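Below is one structure, written out as structure tokens; comments come after it.
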Amino acid sequence: MNSFKDKINRNALPNHVAIIMDGNGRWAKANGKPRVFGHTNGVKSVRAVTEAAAELQIKYLTLYAFSTENWNRPAEEVNALMGLLVSTIESETETLNKNNVRLTTIGDTKRLPKPVYDKLLECIASTANNTGTTLNLALSYSSRWEIREMVKNISTDVKNGKIEPDSITDDTIASYMATKNMPDPELLIRTSGEYRISNFLLWQIAYSELYFTPVMWPDFTKEHFFEIIADYQTRERRFGLTGEQVEK
Ligand code: FPP
């Protein structure tokens, strides 16, 4: 069987792909199982897309793993997700290193339970020198949290005379964001048939291509990922210009 992977032009890959992994709960319900079963199966898809991104040598893959709003879910589900994070990081660190994948995070990770936070730091340190794909997990993340922090930090630096208000550019703002060392995502994918952004990377996706798939996250495979990358490569990105200007 032909794979979408063969259709991908390796010279026109996105540098950064972001994914809103959605549908774990509905997938579990459809299978007559508790919601946590969906999250457990969602880990397989996390592994699959990480491998797919590493195979293509995509520089950055950001996964929305836990939002600020997710703290308000039932304690049992929050605890299960935290446990899953620890066990996955524990079991996958070796594979990340084998695949030259570096782990980073964005979000208010200090809010995470200490064992989760410590495990993350351990994996971040262990993979820090890898030079392939950066797997960036958004944890305890929301865009409004990030924007609020940016405004607070810029205001403080203005107050302390470190920056002049008139000198503030888009690049200044980007440098105060959690994603400061990453390019903006060229492509944002959301699974599960919902057409929402849900407080994710609002500043960074100004010009991103959006792809919404009905596939529930636990059913999402490498092949789905390759298919979406191939579709992305058929799109014309105009950045506010005309088609004729872009074709020149
Ligand atoms: C959305 O589905 C998914 C989440 C809130 C969590 C995603 C977590 C994982 C895939 C597992 C752990 C992650 C890592 C990186 C090891 P939902 O629960 O909102 O589904 P629903 O909309 O159908 O209820």
Side-chain angles (χ1 to χ4, degrees), residues 17-54 60-97 99 101-109 111-113 115-124 126-127 133-143 145 188-201 212-222 224-225:
V17 178
I19 308 184
I20 302 175
M21 311 182 285
D22 196 15
N24 293 351
R26 276 163 288 159
W27 182 89
K29 198 172 174 199
N31 286 284
K33 294 281 185 356
R35 294 179 54 80
V36 170
F37 185 71
H39 299 315
T40 311
N41 278 273
V43 173
K44 282 190 282 185
S45 306
V46 169
R47 198 179 294 124
V49 291
T50 307
E51 272 177 25
Y60 293 90
L61 175 68
T62 295
L63 303 180
Y64 205 1
F66 194 85
S67 72
T68 307
E69 291 75 20
N70 287 155
W71 287 117
N72 300 322
R73 289 195 175 188
E76 187 194 348
E77 184 171 341
V78 172
N79 291 340
L81 278 165
M82 293 300 138
L84 212 49
L85 263 170
V86 172
S87 61
T88 306
I89 292 165
E90 238 164 29
S91 63
E92 298 299 321
T93 302
E94 199 184 323
T95 314
L96 293 179
N97 278 321
N99 292 332
V101 176
R102 177 174 74 123
L103 184 79
T104 58
T105 61
I106 51 170
D108 193 4
T109 49
R111 273 186 82 177
L112 296 167
V116 182
Y117 184 71
D118 288 348
K119 195 45 79 187
L120 272 170
L121 289 190
E122 213 179 280
C123 184
I124 289 168
S126 157
T127 62
T133 299
T134 294
L135 170 62
N136 180 40
L137 295 182
L139 287 167
S140 191
Y141 173 88
S142 76
S143 208
W145 163 81
L188 171 70
I189 302 167
R190 182 174 189 140
T191 60
S192 92
E194 303 288 358
Y195 301 97
R196 286 192 290 273
I197 300 299
S198 301
N199 216 347
F200 191 46
L201 301 176
F212 298 96
T213 168
V215 176
M216 297 289 160
W217 182 249
D219 287 332
F220 196 84
T221 61
K222 270 187 181 185
H224 290 120
F225 186 79

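In this text, all values refer to a predicted model and were calculated from it rather than measured experimentally. When a ligand or atom number is given, it counts from 1 through the structure's own listing order. Counting from 1, the numbers follow the sequence of the chain as shown.
By the criterion of a heavy-atom distance under 4.0 Å, neither the backbone nor the side chain of M82 is placed next to ligand 1. Under 4.0 Å from ligand 1, heavy atoms of N24 appear from its side chain as well as its backbone. When heavy-atom distances to ligand 1 are checked against a 4.0 Å cut-off, W217 comes that close only through its side chain, counted from C-beta outward. Residue L137 touches ligand 1 through its side chain alone, judged by heavy-atom distances below 4.0 Å. Residue contacts with ligand 1 for I89 are absent, since no atom lies close enough (heavy atoms, distance under 4.0 Å).
Each of the following atoms of ligand 1 lies closer than 4.0 Å to a heavy atom of T88: 16 (C).
Protein heavy atom nearest atom 5 (C) of ligand 1, with residue, atom name and distance: N70 OD1, 3.6 Å. Among protein heavy atoms, the minimum distance from atom 19 (O) of ligand 1 is reached at R73 NH2, 2.8 Å. The protein heavy-atom contact nearest to atom 12 (C) of ligand 1 is V43 CG2, 4.1 Å. The protein heavy atom nearest to atom 6 (C) of ligand 1 is A65 O, 3.3 Å. Protein heavy atom nearest atom 11 (C) of ligand 1, with residue, atom name and distance: H39 O, 3.8 Å. Among protein heavy atoms, atom 1 (C) of ligand 1 sits closest to M21 O, 3.1 Å.
Checked by atom type, the side-chain pair S126/N97 shows a donor-acceptor distance below 3.5 Å. Looking at T95 and R47, their side chains never bring a donor and an acceptor atom within 3.5 Å of each other. No side-chain N or O of N199 forms a donor-acceptor pair with one of S143 less than 3.5 Å apart.
Inclusion of R35 in the set of residues having an N or O under 3.5 Å from an N or O of ligand 1 is warranted. By the 3.5 Å distance cut-off applied to N or O atoms, R26 is counted among the residues near ligand 1.
Listed by first and then second residue, the salt bridge (charged side-chain N to carboxylate O under 4.0 Å, His left out) pairs that reach into residues 27-46 are R35-E77, sequence neighbours excluded.
Between T127 and V101, the closest side-chain pair of non-hydrogen atoms is not below 4.5 Å.
In this structure, T105 contributes its side chain and L137 its backbone to no donor-acceptor pair below 3.5 Å. Although no hydrogens or angles enter the test, the distance criterion places no donor-acceptor pair under 3.5 Å between the side chain of W217 and the main chain of M21. Listed for the R111 side chain is no donor-acceptor partner under 3.5 Å among the backbone atoms of S140.
With rounding to the nearest 0.5 Å, the separation of CD1 in I20 from CD1 in I189 is 10.5 Å.
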